[in-house]
Amino acid sequence: MGAEGDQVAAETDLFALAQMIADNAGGMVTIEDPVSHVLAYSASDENADELRVRSILGREGPREYLSLLRQWGVFDRLRNTDEVVDVPAHDELNIKRRLVIGIRRPADAQARGPRVLGAIWLQQGDRPFHPDAAEILRGAAAIAARLISRSLDTPTTEALLIRRLFGAGGPTVDAAAVANTLHLHSAGPAAVIGFAPMAGERAPGAAVGGVLRLRAGAFRGDSVTTTIGDRFYVLLPGYRSAQAVTAWARQLIDGFEGRHSLALRAAIACPVPDLGRVAEARAEVDRVLDRTGATASQRRVTTLAEARTAVLLGEVLDLVGARAELHDPRLRALLDYDRKHSASLRDSVETYLRAHGDVRDAATALRVHPNTLRYRLRRVEDILGMNLDDPADRLLLEIQLALHRRARPAE
């Protein structure tokens, strides 16, 4: 497919490619992304089955059939091989035979982005597939890979303008000019939402961004979206209700975890006075995302006002952590003592501080006698040269212990 494939890719788009496949292989075509959302399709006729109709309308195919595809290993083969998979008809579900091939970047491709880009599905109509249908699909998959990769790797002028509006990719833009280009209202309140993976989750790929973009468009037709790093941002111009925005973000996150097994979290900045403040709002959202989501107990959808303690404390620890002269060397003596004597003085004093100085509560949490804890606390005071009855000493020790936990979370 070398030079010929490049030439075809340069002169067509996914919809034209879908129709070309249908004309040359026989049947009806859908081109889908990795999460089975339809990117393009060929013309349909009266032989289109339920799966095709529902897929093009933006809904999932029958659950029983999708379950069968998983049981048959179809999705695994599409992800891991370049072969054309022959999927038999399922009369009970009124689903006809299909040929399908995965769309995948070449193994030696240097372009950034996901390896698996989607799949091409060819549904049989009232006539058999053409004899060379499998060969047509293999060539089409190579062309589709070029088309999709190009769209992922080369942002459009509009996409670049949107990134600039959010404060990324270059100097600040004239918000009024961008609003005019994108046909948005530049004045009045707006909302900015940032989505990010929960701690330990994989970064959302292009397909995930596509689904989020669709959901945002369904919520508000004038929504503007962009992906920056591993975060996805939504601008809702003319926002009216913070409660509605919060409810939508929470519903989207819950649905995404259920359908795509990806745990996301969100931060909201609202109201944003006008589009000239979108970059500031994104910075506010990033402050929240940077400092929340580390534990399952934290809110999955929040704002700076709701998370201010976690945000400010995290930023204070950043400032202290960045300056070696603000690290108290006395804490090292306590840690060295624990290591040398196989002791647990650090755990004991941390539990005591979390109990707000209540020895009995702390001893209960540690499952030791209160007198045992009192002895340990005296040893801590001797080693550190601190007085745990002094609020200033306690505050400093809590900050230093928080820095240590951040540097060694597993300890």
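In this structure, I21 CD1 and I120 CD1 are separated by 4.0 Å, a value rounded to the nearest 0.5 Å. One distance of note links CG of L236 with CG of D222; it measures 7.5 Å at 0.5 Å rounding. Atom CG of D347 sits about 9.0 Å away from atom CZ of R376, to the nearest 0.5 Å. Annotation: the span from N180 atom CG to L184 atom CG amounts to 9.5 Å, rounded to 0.5 Å. Between L388 atom CG and L377 atom CG the span is 6.0 Å, to the nearest 0.5 Å. In this structure, CG on D33 lies 5.0 Å from CG on L39, to the nearest 0.5 angstrom.
Between the side chain of H404 and the backbone N or O of I399, no donor-acceptor pair lies under 3.5 Å. H90 places no side-chain N or O within 3.5 Å of a backbone atom of K96 that could act as its donor or acceptor partner. Checking side-chain atoms of R215 against main-chain N and O of L252 turns up no donor-acceptor pair under 3.5 Å. Checked by atom type and distance alone, the side chain of R146 pairs as donor or acceptor with a backbone atom of A142 at under 3.5 Å. Although no hydrogens or angles enter the test, the distance criterion places a donor-acceptor pair under 3.5 Å between the side chain of T303 and the main chain of E306. Using modelled atom types, one side-chain atom of S223 and one backbone atom of A216 make a donor-acceptor pair closer than 3.5 Å. When atom types are taken as modelled, the side chain of R282 and the backbone of V192 share no donor-acceptor pair closer than 3.5 angstrom. Put simply, the side chain of Q19 gets close to the backbone of A43: a donor and an acceptor are under 3.5 Å apart. Side chain of R406 to backbone of G314: a donor-acceptor contact under 3.5 angstrom is found.
R77 pairs by the side chain to side chain donor-acceptor pair (under 3.5 Å) definition with E83, not counting sequence neighbours. Not counting sequence neighbours, the partners of R277 by the side chain to side chain donor-acceptor pair (under 3.5 Å) test are E280. Remark: Y41 engages F15 in a ring-ring contact (aromatic ring centres under 6.0 Å, His included) (not counting sequence neighbours). Take D338 and apply the side chain to side chain contact (heavy atoms under 4.5 Å, CB included) test, not counting sequence neighbours, and it matches A343, L345, R346. Remark: T181 pairs with L161 by the side chain to side chain contact (heavy atoms under 4.5 Å, CB included) rule, at least two apart or across chains. Evaluation of the side chain to side chain donor-acceptor pair (under 3.5 Å) rule for E284 yields no partner, not counting sequence neighbours. Under the salt bridge (Lys or Arg N to Asp or Glu O under 4.0 Å) criterion, E381 pairs with no residue at all, not counting sequence neighbours. With sequence neighbours left out, the ring-ring contact (aromatic ring centres under 6.0 Å, His included) criterion links W121 to no other residue. Residues satisfying the ring-ring contact (aromatic ring centres under 6.0 Å, His included) test with F129, not counting sequence neighbours, are none. A18 is linked by a side chain to side chain contact (heavy atoms under 4.5 Å, CB included) to V29, I31, S42, counting only residues two or more places apart in sequence or in another chain. Shown here are the side chain to side chain donor-acceptor pair (under 3.5 Å) partners of R250, two or more places apart in sequence or in another chain: there are none.
Side-chain contact between I193 and W248: present, with at least one pair of heavy atoms (C-beta onward) separated by less than 4.5 Å. For the pair L366/S348, a side-chain contact is recorded, criterion being any heavy-atom separation below 4.5 Å from C-beta on. For the pair V100/L122, no side-chain contact is recorded, criterion being any heavy-atom separation below 4.5 Å from C-beta on. Within the 4.5 Å cutoff, the side chain of P197 has heavy atoms near those of the D230 side chain. Within the 4.5 Å cutoff, the side chain of R98 has heavy atoms near those of the I95 side chain. Between L334 and L331, the closest side-chain pair of non-hydrogen atoms falls below 4.5 Å. Looking at L353 and E350, their side chains never come closer than 4.5 Å, going by heavy atoms from C-beta outward. Counting heavy atoms from C-beta on, the side chains of R231 and I228 never come closer than 4.5 Å.
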**Item:** side chain to side chain donor-acceptor pair (under 3.5 Å) between R97 and Q124, intermediate numbers included
**Value:** CA-CA 6 Å; R97 178 191 174 200; Q124 185 170 299; 3.3 Å; yes
**Message:** side-chain contact (heavy atoms from CB on, under 4.5 Å) for L401 and V349? Distances and angles first, verdict last.
**Reply:** CA-CA 10 Å; L401 287 168; V349 72; 4.2 Å; yes
**Request:** Show your working on side chain to side chain donor-acceptor pair (under 3.5 Å) between D286 and Y233 and close with a plain yes or no.
**Result:** CA-CA 10 Å; D286 281 341; Y233 300 91; 2.6 Å; yes
**Request:** Take I253 and F195 through the side-chain contact (heavy atoms from CB on, under 4.5 Å) test and state the conclusion after the steps.
**Result:** CA-CA 9 Å; I253 284 174; F195 293 90; 4.1 Å; yes
**Asked** Please walk me through it: do L99 and V87 pass side-chain contact (heavy atoms from CB on, under 4.5 Å)?
**Response** CA-CA 6 Å; L99 298 180; V87 182; over 6 Å; no
**Prompt:** Could you go step by step and tell me if R163 and T226 meet the side chain to side chain donor-acceptor pair (under 3.5 Å) rule?
**Reply:** CA-CA 6 Å; R163 286 172 61 86; T226 190; 4.6 Å; no
**Request:** List the steps and the verdict of salt bridge (Lys or Arg N to Asp or Glu O under 4.0 Å) for R79 and D76.
**Result:** CA-CA 5 Å; R79 281 191 296 267; D76 288 337; 2.3 Å; yes
**Request:** Would you check, one step at a time, whether the test side-chain contact (heavy atoms from CB on, under 4.5 Å) holds for L275 with L235?
**Result:** CA-CA 9 Å; L275 297 192; L235 166 65; 3.8 Å; yes
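When every heavy atom of L373 is checked against every heavy atom of A363, the shortest pair comes out as CD2-N, 3.6 Å. Considering all non-hydrogen atoms of both residues, L78 and A119 come closest at CD1-CB, 4.1 Å. What you find for V84 and A134 is that their closest heavy atoms are CG2-O, 3.7 Å. Contact between C270 and I268 at its shortest, heavy atoms only, is SG-CG2, 3.7 Å. Nearest approach of A191 to V245, heavy atoms of both residues: CB-CG2, 4.3 Å.
Sorted by first and then second residue, the side chain to side chain donor-acceptor pair (under 3.5 Å) pairs with a member in residues 356-366 form an empty list; sequence neighbours excluded.
Counting only N and O atoms by type, the side chains of R299 and T292 include no donor and acceptor under 3.5 Å apart.
Ion pairing of R52 with D49 is absent here, as no side-chain N (NZ or NE/NH1/NH2) approaches a carboxylate O to less than 4.0 Å. Salt bridge annotation for D82-R104: present, with a cationic side-chain nitrogen under 4.0 angstrom from a carboxylate oxygen.
Atom CD of Q251 has 12 or fewer neighbouring heavy atoms from other residues, nucleotides or ligands inside a 6.0 Å radius.
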